[in-house]
Number of protein chains: 2
Amino acid sequence: MKYHVTAKDVAKLAGVSQSSVSRVYFEGASVSNKTREKVLAAAKELGYRPNEFARSLITNRTKIIGLVMKGIHNPFYPEVLKQFTTAFNKLGYSILFVSTNNDEIQKEDIDMLRNYNVAGVIITDASLSLNVTEDFKENQVPLVLFNRKIDNDQFYSVCCNNLDASEKIAKYLIEKGCSKVAYIAGNANTSTSRDREKGFTSIIEKNNVTLNKYTSDYTYEGGYKTAKKIIAEKEVPEGIFVANDIMALGVVDALRENSIMIPAETKIVGFDNIEMASWPTYNLTTWEQPITKMVEQTVNYLMTEMVEFSGYTESVEVNGALIVRKTT
Amino acid sequence: MKYHVTAKDVAKLAGVSQSSVSRVYFEGASVSNKTREKVLAAAKELGYRPNEFARSLITNRTKIIGLVMKGIHNPFYPEVLKQFTTAFNKLGYSILFVSTNNDEIQKEDIDMLRNYNVAGVIITDASLSLNVTEDFKENQVPLVLFNRKIDNDQFYSVCCNNLDASEKIAKYLIEKGCSKVAYIAGNANTSTSRDREKGFTSIIEKNNVTLNKYTSDYTYEGGYKTAKKIIAEKEVPEGIFVANDIMALGVVDALRENSIMIPAETKIVGFDNIEMASWPTYNLTTWEQPITKMVEQTVNYLMTEMVEFSGYTESVEVNGALIVRKTT
DNA sequence: TTCGTTTTTGCATACGTATGCAAAATATCC
DNA sequence: GGATATTTTGCATACGTATGCAAAAACGAA
């Protein structure tokens, strides 16, 4: 069976006690340089690694972050995953990854995180109800909704400024001369889609512009099908705001298949600024979500709450920017 | 501070001993149905969850798989991530995620996995040297190279049949009438790129077909730049085999920008069958990597080795298939 | 050198759980 | 009902580590 080098083995070789070995690995503990060097030399010789489980049992803390991700297919999220991993690794934390298909997180999705006593939880692009998270709250595990918000003041969430951004996109399309526009929504009941629609709609309605709204589902196929539907209605709008980029790319492809000139006949604006948006084939005008800032904000909140849990909640919005390319 | 319900609390409420509580949660342990029901009722009432760390300390085993991923940007890998997560969750295992940029895994990349006593390790699309893995081997932690192989009989690896596939792609392009072809490689020294090149080259050289080879780096930008370079050489080949899809999409875009008709003037074949390959804009002919089978093979090997470590090594190749679309 | 203060160290213990072992309880057979 | 076999149970212990506390050591000032 497996043999582990323990702190006792190191202590013996270094000629100190096990608790001195422990103190060497615990930041800020009182230990002389002489002892520290002896211990580190012995540890190196023996290939010692502290056992995180034993530590966690004593300290009742871990260096594990639970990251619950829906929609890893959307190219926006691999980038989010990468940045979270990098940021937390630098801080000595590891990522326990959970993938889900559910728009609303179910208890089964994340119960496992409690077995591992995770230090914090991040949930991307999915909502969840209070009863699913009450255990986390009771156990003072901070939780962040990333790119999703719930309007009940019970969570900490980090989003792009969807409302403001969508208002700006509406104004931009109006400035570009559109008098008839469409909005293609993402998954029903998601805060991102709702806010993007709300912002866009509020400006359009204040101006002499016609608006049709369509529902879709934040996938390439959804965008493609919806555009086909719009085309079938025979009055293709001059401007289309699509709730996210991956959908927008489907819209672009469908319009092209029907020889609709972009942007001459119809201008397209997406949301996210995924990698593919900049590809020459698409060159999509889009609202850039400030991933790095959003990740930073999330990491800062968690690091603060993990040190001293206050349970404070807030809906944080980070400003993005309009990236103008060839679809408008 | 946090309060945990322990097995002792459950035992007290259920009127049994702590070890009976433990036996209820341990598969196959001897416990009467009467005791089991009492314990489960008490556990439910108190919201008890077994502490994985305490368990691991005793059993010296975990239900954690370390998944080390390079290149999460390539749409091939989010799908791999999702399938691994789903498969292992079903088996009661969790994924500890590590992201790396290194073609060759460094010790720092995965040392942390040892602190968590992971039950198994999967490394996607990266190589590593023996000295990085010797601790894992000594500690009988099985490790799988996914979509990468190293020709030294020291690892278990799971790949697509790159050699065979590339031979078939070469034959296919020859059948399509190509007398001048090019191969665009992925990252230098990767088994996937090397085998794809080897297979392609071996068939091309046996036939009266001209071949030019180019190096690139498995990114869209790499494909785009290399195609630009090919175009600048003024003799655009009739067929181009691109070592992976994301690169191939860049090649397609570059050719189009230069009004080169695909497939009339130049046929393009990629490798992977990522989601974007099927988009109408690209409709890329490609070799489909059998992700599901490859994931399955990996999971089976790990489940076997984790139960009883044998350390056996093999290079497993899973058959993919040619998907013919509009670029050829 | 002595004394007071500060730092370092080791001892003993506990964290929550699984498990070896022996005792207790239950089941089966005559 | 008694003897035997089997199953279940609780006790005591250990896993590897951090930590409270008191003792020992080190440091600095007079």
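A note on names: the letters A, B, ... follow the listed sequences, proteins ahead of strands, and every chain is numbered from 1.
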Give Val16(A) one of three labels, base, sugar-phosphate or nothing, depending on what nucleic acid heavy atoms sit under 4.0 Å from its own. sugar-phosphate
Base, sugar-phosphate, or nothing for Ser32(A), non-hydrogen atoms under 4.0 angstrom? sugar-phosphate
Would you mind reading off the distance between Lys34(A) atom NZ and dT8(C) atom P, rounded to a whole angstrom? 13 Å
If the cut-off is 4.0 Å, is Ser17(A) near the phosphate of dG10(C), judged by side-chain N/O to OP1 or OP2? yes
Under 4.0 Å, heavy atoms only, any strand: does Ser19(B) hit a base, just the sugar-phosphate, or nothing? base
In whole angstrom, what separates Ile58(A)'s CD1 from dT13(C)'s P? 14 Å
Taking only side-chain N and O atoms of Thr6(B), does any of them lie within less than 4.0 angstrom of OP1 or OP2 on dG16(C)? no
Counting heavy atoms from C-beta on, name the nucleotide in dT17(D), dT9(C), dT17(C) closest to the side chain of Ser20(A). dT9(C)
Tyr48(A) has a side chain; which of dT17(C), dT17(D), dT9(D) sits nearest to it? dT17(D)
Ring geometry between Phe97(A) and Phe97(B) (parallel below 30°, tilted from 30 to 60°, perpendicular above 60°): tilted
Could you state the atom-to-atom distance from CG of Asn60(B) to P of dT17(D) in whole Å? 11 Å
Check whether any side-chain heavy atom of Tyr116(B) lies under 4.5 Å from a side-chain heavy atom of Thr62(B), and answer yes or no. no
Lys/Arg N to Asp/Glu carboxylate O, Lys70(A) vs Asp109(A), below 4.0 Å: no
Base, sugar-phosphate, or nothing for Tyr25(B), non-hydrogen atoms under 4.0 angstrom? nothing
CE of Met69(B) to CZ of Phe84(B), rounded to nearest 0.5 Å, is 7.0 Å
Please pick, from dT9(D), dT19(D), dT9(C), the nucleotide with the shortest atom-to-atom distance to any side-chain atom of Arg23(B). dT9(D)
Just compare dG16(C), dT17(C), dT9(C) and give me whichever is closest to any side-chain atom of Gln18(B). dT17(C)
dT8(C) P sits how many Å from Lys38(A) NZ, rounded? 14 Å
Would you say that more than 12 heavy atoms from the other residues, nucleotides or ligands in this model lie under 6.0 Å from the NZ of Lys107(B), or not? yes
Whole Å only: how far is the CD atom of Glu27(A) from the P atom of dT19(D)? 13 Å
Protein-nucleotide distance (Phe53(B), atom CZ; dG16(C), atom P), rounded to Å: 13 Å
Report yes or no: is there a donor-acceptor pair, N or O only, under 3.5 Å between the side chain of Arg49(B) and the base of dG16(C)? no
Rounded to whole Å, how long is the line connecting atom CG of Asn51(A) with atom P of dC15(C)? 18 Å
dA14(D) P sits how many Å from Leu57(A) CG, rounded? 16 Å
